[in-house]
Structures are given as C-alpha cells and as structure tokens.
Amino acid sequence: MHDIMLENHLNRFINKKSAAIDISYYDRPSYYDKLKLMRTNSSAITKSVWDIVNLVSSTAIFITAFIVMVDFSILWSAIIVVSYVPVAFCEQLYIKKIYNWQVKNIGEERKLQYIADILVQKTHAKEIRVFSIAAHLIGLYSSIWSAWFAKKKSIMKKWSIISMLLSCIPQVLTAFVLVLLGQSIIEGQNSIGDFSLYSGMIAQLISSLFLVIFSIAQISDNKLKIKDYREFQDWENTVEGTGEVELQSIETIEFDQVSFMYPGNKKDTISDFNFSLSSKEKIALVGVNGAGKSTLVKLLLRFYDATRGRILINGTDIRVFTPESIRKCYSVMFQDYTNYAFTIRDNIKISNIQKPYEDSHIMEICKLSGVEKIINRCEKGLDTYLFRLFEENGEELSGGENQKIALARTFFRDGDIIIMDEPSSSLDPESEHELFEKMVELGKGKGIIMITHKLSNVAIADRIVVIENGKVHEDGSHEELMRKDGRYAELYRLQAENYVDGIRTISK
C-alpha cells in the first residue's frame, strides 16, 4: 500500500515539475534522458526505506554474533570481518560503474522504447503496413538491444568474476576457523556444545555481515538514483515563474530589434526583427516555411525570451509580466495542435476551464467553427468521446474535422487577441472560406494574428506582413503590396497560377 502511494507521489512530482519547466527543456535530449532515468529507477526511494530497515536489523545480529565469537578468538573474528572489506569496496565500485553506464547509455534505452511504441501505437500503424517496415523496425530494435546488452553483459561479467574471487577469501578463512575450532575440541579446550554454538555464530556473523554490506551497497545505489530526482527538482527556469506584474489586457505589441536563436542552434531564426501592431488590428504573417513566423508566436506567448532586443506590450518589456498572465490574453490555435481522448465538450472547454458556460454557448461556438455537423451525427452529441482509446464508440475524425475541434477550443478561450497558426492547413476549400469569414465575425473588437503560407484569403487582413529570413520584408494591405509588385505579389500570383493550372489539369 505504501509503495503504491509513494509511486503516485513520485509520478505527481514528475508531472508537476515537467508542466512547470521552461519549454526550452523539451528541445534537449537531456530532459528525456532524465525522465527515463527517473521512471526506470522510480522504486529507489521505496527500496531505500527497506534497505535501511535491513541494515539496522543485520547490524544488530552482526554485533551480537561478533561479541560471542570474540570469546572464542578476537583475532580470527576480526580477520573474518576485515576480509569482507575488499568485497564491500568492490561492491561500491560496481554500483557506481553500472549506474554511470546506465546514465551514459540511457539514450539507447529510449531508442528501444521509441521503436517499441512505434510498433504498438495507432499513429504509425498505417505506414508500417503500407511500407512493410515492421520487420525492419523489429530488426532495428534487436540490433540496438543486442549492442546495449553486450556492453552491459561485459561490465557485469567482469565485476561478477572479481566479486566472486574476493568472496572466496572470507569463505576460506571461515573454513580455517572451523578447523581451528574442531582442533580445540579434540585438544579438550572446547566442548562439542561449543562447536555447535560457535559454528552457528560464525554462520550468523557471515550472513549478517553480508547483509550489512549488501544493504549499504543498495543504499548507495538508491542514493545515486534519488540524486536524479533532486537534480530534476533543481532545474532552474529562465522564463516560467519569472515576471512580477499581472498583465490585464493588451493594447499594443512591439518587436524592437528582436533576434532569437533556438537552444542548440548556431543561427538566428529571426534577426533584428522590428514590427508593431495594436490589439484591434487583423494581421497576416506570410512567408515560406522556415521563415520564422511560428517562432514569433512562441516569443509573444513567452515560451522563450528573445536572445537580443525587446518585445514590448503596452510599451513595457514583456519580461516584466508573468508568463501565465500574458497567455491568458491570447486565444491560440497552434500549427501542431492536438485533440484529447475526452468528450467533445471537454475538448472545447479545456482551453478555459475556469470560464462559466452553458451548453448553448458551446453549441454556438460549434456552429461557428463547423463542429455542429460532427455533433449532429453523433448519438451522444457533446458527450461523444474522440478516438477509441478509452471508448469503443469513440468518434474517429478526419484531419479537417479534428482541426474544427481545435478551432472551437480556440474560440472558447475568448482572449484579447486570436492567433491562428496555419488555421486552414487541413480544411477543404469550402471550409477554408467559411473559416475566414467566421474569423472576421469572431474577431470583431479583437485582434487577429494569422500565420499562413496560403494567400487565398489573407486579403481580409488589415495588414499583411511578409517575413523572409527572419526579418520583415514587406508590410502593407493586400492592395498596397500588389501595387508594390514585390515578394508578396510574386507569391500571390504564383499560388494563383498553380491553382488555375491545377484546375486546368483536372478538367483535361
């Protein structure tokens, strides 16, 4: 029972800490290595308690047996005890060696887990069958495991042989002491009863001493593993938990010579970026993939802080405000959005769980986002579960339908500024057109930042900002940029021509 409670406590600790650290940690393999180590060694704390109990009881037995044996021969009793010192020393070295090896090779363990997950999860099931790669993945798993196991086996074999040889020393000495005891009985110095007493005490001395050494070794091992939890707890944030002022609303946003480089990269994603908007403007950020558009959203939401320069909200440096209060001012749909294996209602209201609501309000949002059609075909309506992870009758949605659920969640948030990162990437042309019309309706009195590389509907924006190589290349309305006949006009005409050519090809 206590083991279950402790395991639950450790899992809550890991989950809580993971949800509170800077998002930049998710860009580091060391974060996932540490998680794997903690979950692999999660029993260390529980085992430590029992090892301490065993150490205390074994020590008490050892002391008792040693005192009795001293009456026979203090010299040989001490020699037997000292003979176990090399064994104890070897055990400590082995524990450190195997732990350091585990830390060094935890990445290989994660690879094994990753391949195993690929083979059993629905996400990859279709491609595995279409590409016929199951045998390849299983073979890859086997080769990684074989190399991993061979290295571990080599270490364990080496230290097992050393430990076995060292363990022979006290066993030989013990046999010699028993011979001396037998000789003393033959010479009449001790009785047969003494032989039974002392041979029993020798057995207790050896077994208790072994348990003392083993318990100390296990405590040392657990101490190394518990250290991972302490190190994880001590990870410091540079974004989360910083700032002192609670932001109430957003009036203006300004990027002032902002540059940003992702951790581990050697090149800025955006460089000397200058840009400003008011909270009532409807802005379209356009450009080719990799231009830095989505990075701007991450900086606005304070997932990261700028490497250089300043982002100002209402004329104040964004770092003055708490990240949580900043994010409350936005309604965001990310390009890599995800839906949850909960009910449709829960999927929508999860964006603002503190907000009072009625089903009629959710249905209004569902109508605007296109989710109403999904609900109408489902027997349980808003109580319909998405996916079949937990429910046999869960609803499996298409890519476009999943995106509509994510849109409804974004609308329910009701922030000052709506941010849409590639909002129509999974939508058919009709749904895409409806979405942009609804965005205008929903965005009345609000700001909209729309990120896209599809230019078919961006004309609804007050301003269109073209981003290239992490900098503002052009800025203006659709009409202004078309008259300028620059990069935006080039991209717009290119997409229009491709669309027309596609229609012509189909018609032929």
Side-chain angles (χ1 to χ4, degrees), residues 12-28 30-31 34 229-265 268-281 283 285 292 294-334 350-356 409-410 412-419 421 445-449 451 470:
R12 288 177 60 188
F13 160 74
I14 293 172
N15 295 337
K16 186 176 180 180
K17 180 65 178 180
S18 296
I21 60 176
D22 286 349
I23 208 166
S24 62
Y25 281 106
Y26 289 79
D27 299 325
R28 309 174 190 178
S30 58
Y31 165 74
K34 187 64 72 175
Y229 287 91
R230 291 173 178 165
E231 290 177 352
F232 187 57
Q233 177 66 50
D234 292 338
W235 278 4
E236 294 183 355
N237 291 332
T238 58
V239 175
E240 299 297 332
T242 63
E244 298 178 354
V245 179
E246 295 289 322
L247 180 64
Q248 301 302 319
S249 62
I250 297 177
E251 300 297 330
T252 61
I253 297 172
E254 180 182 357
F255 285 77
D256 179 21
Q257 295 290 313
V258 172
S259 297
F260 176 73
M261 181 188 300
Y262 282 102
N265 286 7
D268 287 338
T269 302
I270 59 172
S271 179
D272 298 324
F273 190 85
N274 292 288
F275 171 68
S276 62
L277 71 150
S278 73
S279 62
K280 301 297 185 288
E281 283 187 287
I283 305 292
L285 302 179
S294 297
T295 297
L296 296 175
V297 174
K298 296 174 184 177
L299 294 176
L300 279 175
L301 297 172
R302 262 204 97 189
F303 290 154
Y304 301 87
D305 279 335
T307 308
R308 298 185 303 277
R310 299 184 304 162
I311 300 174
L312 306 175
I313 295 182
N314 305 337
T316 302
D317 194 311
I318 194 173
R319 288 168 289 196
V320 171
F321 303 110
T322 63
E324 185 177 2
S325 68
I326 293 171
R327 295 161 194 164
K328 283 182 179 179
C329 295
Y330 294 100
S331 296
V332 188
M333 192 187 84
F334 297 102
I350 202 171
S351 65
N352 195 347
I353 55 177
Q354 305 299 330
K355 177 182 177 180
R409 182 163 58 245
T410 304
F412 185 79
R413 176 74 169 177
D414 198 27
D416 296 337
I417 297 178
I418 301 171
I419 298 178
D421 192 353
K446 298 179 181 292
I448 296 178
I449 300 175
I451 299 171

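Residues take their numbers from the sequence shown, with the count starting at 1.
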> Distance check, rounded to the nearest 0.5 Å: I418 atom CD1 versus Y330 atom OH?
13.0 Å

> Is it true that F273 and F260 have ring centroids separated by less than 6.0 Å?
no

> To the nearest 0.5 Å, what is the distance between OG (S271) and CD (Q257)?
8.5 Å

> Is the backbone N or O of L301 less than 3.5 Å from a side-chain atom of R327, with the two atoms forming a donor-acceptor pair by type?
yes

> With the side chain counted from C-beta on, respond yes when I21 and N237 share a heavy-atom pair under 4.5 Å apart, and no when they do not.
yes

> Donor-acceptor check, side chain of N314 to backbone of T252, threshold 3.5 angstrom: yes or no?
yes

> Can you name the salt bridge (Lys or Arg N to Asp or Glu O under 4.0 Å) partners of R319, sequence neighbours left out?
D317

> Taking atom CG of L300 and atom CD1 of I313, what is their separation to the nearest 0.5 Å?
7.0 Å

> Rounded at 0.5 Å granularity, tell me how far OG1 in T269 sits from CG in L296.
10.0 Å

> Could you tell me if S331 and R413 have a donor-acceptor pair between their side chains, going purely by distance under 3.5 Å?
no

> Hey, are the side chains of I419 and F334 touching, using non-hydrogen atoms and a 4.5 Å cut-off?
no

> Inspect the contact between D414 and K446 and indicate whether a charged nitrogen and a carboxylate oxygen are less than 4.0 angstrom apart.
yes

> Taking the side chain as everything from C-beta on, heavy atoms only, tell me whether I253 gets closer than 4.5 Å to F275.
no

> Quick one: closest heavy-atom pair of W235 and K34, and the distance?
CH2-CB, 3.9 Å

> Can you see which heavy atom on P323 is nearest to which on V239, and at what distance?
CG-O, 3.4 Å

> For D22 and T238, which I'm curious about, is there any donor-acceptor pair between the side chains at under 3.5 Å?
yes

> Report, as yes or no, whether the 6.0 Å neighbourhood of atom CD on E324 holds more than 12 heavy atoms from other residues, nucleotides or ligands.
no

> Flag yes if more than 12 heavy atoms outside Q233 fall under 6.0 Å of its CD atom; otherwise flag no.
yes

> Report yes if some heavy atom in the side chain of V297 is under 4.5 Å from a heavy atom in the side chain of L285; otherwise report no.
no

> Hey, what do you get for CZ (F321) to CZ (R302), rounding to the nearest 0.5 Å?
10.5 Å

> For T307 versus M261, what's the shortest heavy-atom pair and its separation?
OG1-N, 3.0 Å

> List the residues meeting side chain to side chain donor-acceptor pair (under 3.5 Å) with S249, not counting sequence neighbours, and say none if there are none.
none

> Can you confirm if the NZ or CZ of R409 lies within 45° of the ring axis of F412 and under 6.0 Å from the centre of its six-membered ring?
no

> For a 4.5 angstrom cut-off between non-hydrogen side-chain atoms, does Y26 reach S18?
yes

> About how many Å separate CD1 of I270 and OH of Y262, when rounded to the nearest 0.5 Å?
8.5 Å

> Looking at I250, is its backbone amide N or carbonyl O close enough to the side chain of S279 to form a donor-acceptor pair, meaning the two atoms are under 3.5 Å apart?
yes

> Taking the side chain as every heavy atom from C-beta outward, state whether I318 and F255 have any atom pair closer than 4.5 Å.
no

> Report yes if some heavy atom in the side chain of I23 is under 4.5 Å from a heavy atom in the side chain of K298; otherwise report no.
no

> Please report the closest heavy-atom contact between G243 and T322, naming both atoms and the distance.
O-CG2, 3.6 Å

> Which pair of heavy atoms, one from S325 and one from E246, lies closest together, and at what distance?
CB-OE1, 3.3 Å

